[in-house]
Amino acid sequence: MFKRVLIANRGEIALRIMRACQELGIQTVCVYSTADKDAPYLKLADRAICIGPGPSKDSYLNISRIIAAAEIAEVDAIHPGYGFLSERPDFSRACRDCKIEFIGPSPEAMQALGDKVECKRTAKENGVPVFPGSPDAIEDEDKAVEIASKIGYPVIIKASAGGGGRGMKVCQNEATLRSMLRIASQEAQAAFGNGAVFIEKYLEQARHVEIQMLGDKHGNAIYLWERDCSLQRRHQKVIEEAPAPHIDREKFRKVCEAAAKMIKSVKYAGAATCEFLLDGKGDFYMLEVNTRVQVEHPVTELITGIDIVKMSILIAAGEKIPYKQDDVKIKGHAMEMRICAEDPAYDFRPSAGKITTWEPPGGPGVRMDTHVVTGYVVPPNYDSMVAKLIVHADTREQCLDRAARALREFNVGPIKTTIPLHQKLVANPDFRKGGVDIKYLERWLKAQQPTT
Ligand code: ADP
């Protein structure tokens with residue numbers, strides 16, 4: 001087992017990883033930027049090392065500074081968390097070159113699943129359902145038009161190296177497709193250093209369902225079932241839940257089995273998530289694979305009882321996954337609400353600053369993943385999420401009631417947060433019915449706006 005692990009991240013996920021390490025008897029080294037120098041969780045680490053100023057490119061995204069900190073602190077391994085360097089094959093490779101274990105997949109496995117065209121090919125080979133579209137990157141415009149007319153409009157142009165919802169173009173007809181192809185490729189080249197683009201069928205109405213998986217270094221892979229993350233605003237997830245309401249579980253089991261086979265085929269070690277869109281007919285289409293632990297991992301932990309962060313560390317240390325697929329059982333229902341320092345009453349404008357009132361909820365079935373304490377100052381430099389409120393109950397209905405109760409207890413000030421939005425959502429009859437689509441929240445928010 002590792003003696004000492006460096007956490008190359010900040011905020012709630014840095015604290016989450018620290019907690020997992022401490023329960024495993026591993027010393028922790030936490031890096032931080034000057035913008036985070038007073039962050040309370042740093043005191044819980046065995047050692048905290050400043051790696052640079054606030055801008056991420058000078059600190060949390062700076063590979064050489066993080067590796068230097070790892071060497072100074074003599075750590076055995078680095079956990080990247082989510083975001084920042086977590087999906088960068090060059091970081092995984094830099095760790096390997098420096099004989100530091102990267103807690104996550106090898107650069108090869110990350111590359112194979114991170115590149116969208118390559119991933120789609122691997123998915124197909126393993127029976128994972130993908131959108132109909134161009135099998136490879138598009139070389140020639142006429143070929144693209146031919147494929148589009150075969151699959152039918154609308155189609156979406158995507159960058160093979162894309163991410164973060166950038167560089168995608170929806171085309172309703174041949175003229176737009178022709179004019180957009182070159183633009184999309186140029187934009188992809190500028191944004192990702194790779195101009196390869198492809199097209200696929202665009203689904204007008206869909207739900208977002210993703211499969212959590214674990215793979216180890218001994219060729220094992222299991223799935224921990226799904227999360228439904230359809231409540232989104234600007235492609236950002238707002239509430240995630242597990243299990244997904246109203247899905248055909250027997251049909252879905254086959255998708256899960258194929259997804260596990262896919263990560264096995266690239267010798268994947270660590271936590272991975274395969275994202276899908278689910279259409280009105282109950283068919284799944286793969287979007288992409290995230291080669292890291294996800295923000296919403298706690299909902300899966302609550303319904304399966306499996307600690308995903310601890311598993312990622314144990315797997316990196318060479319242990320076998322101690323569960324067989326049949327050991328993974330769904331128990332109850334869980335929901336995560338992302339609490340952000342934003343004002344929902346004013347188009348979600350950021351609300352950074354000092355938190356003088358912080359009264360988090362508690363009681364049965366309530367889990368708070370947060371780095372915030374009273375007096376914490378939300379720095380303006382990073383993601384606005386200040387807490388994840390996760391609730392667990394026997395049924396979905398009880399889970400919603402528990403969420404409403406916990407949100408009522410949650411008192412934060414003077415900064416504004418998204419708590420009032422969540423209170424409305426857990427009481428919303430459409431959401432309570434289950435199965436809303438990914439555009440639902442934006443439609444609903446628009447309808448709330450005064451018409452004058
Ligand atoms: P990124 O890596 O940039 O996040 P994804 O492939 O995950 O790209 O897609 C991001 C979002 O774009 C999805 O969550 C979905 O809302 C929308 N999207 C992507 N592909 C399609 C598609 N074929 N049909 C409909 N919506 C899509």
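Only this structure's heavy atoms are used, side chains among them; waters, hydrogens and symmetry mates stay out. Remember, it's 1-based here, ligands and their atoms both numbered in the order they're listed.
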Which N/O atoms of ligand 1 sit under 3.5 Å from a protein N/O, and at what distances?
from	atom 1	to	atom 2	distance (Å)
ligand 1	2 (O)	Lys116	NZ	2.7
ligand 1	2 (O)	Glu288	OE1	2.9
ligand 1	2 (O)	Glu288	OE2	3.4
ligand 1	3 (O)	Gly164	N	3.2
ligand 1	3 (O)	Gly165	N	2.5
ligand 1	4 (O)	Gly165	N	3.3
ligand 1	6 (O)	Lys116	NZ	3.4
ligand 1	6 (O)	Lys158	NZ	3.0
ligand 1	7 (O)	Glu288	OE2	3.0
ligand 1	8 (O)	Lys116	NZ	3.3
ligand 1	20 (N)	Lys158	NZ	2.8
ligand 1	23 (N)	Glu200	OE2	3.1
ligand 1	23 (N)	Lys201	O	2.8
ligand 1	24 (N)	Leu203	N	2.9

### Candidate pair Glu241 and His333, rule side-chain hydrogen bond (donor to acceptor under 3.5 Å, both in side chains), full reasoning
CA-CA 7 Å; Glu241 64 179 307; His333 201 94; 2.7 Å; yes
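- With Phe284 as the aromatic partner, Arg253 does not meet the cation-pi criteria of under 6.0 angstrom to the ring centre and within 45 degrees of the ring axis.
- Side-chain contact between Cys229 and Glu275: absent, with no pair of heavy atoms (C-beta onward) separated by less than 4.5 Å.
- A search for ring-ring contact (aromatic ring centres under 6.0 Å, His included) contacts involving Tyr41 returns nothing, not counting sequence neighbours.
- Residues Ile247 and Arg249 have side chains in contact (heavy-atom distance under 4.5 Å, counting atoms from C-beta outward).
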### Task
Please test Asn220 against Lys324 for side-chain contact (heavy atoms from CB on, under 4.5 Å), starting from the C-alpha separation and ending with a verdict.
CA-CA 9 Å; Asn220 304 300; Lys324 294 269 165 290; over 6 Å; no
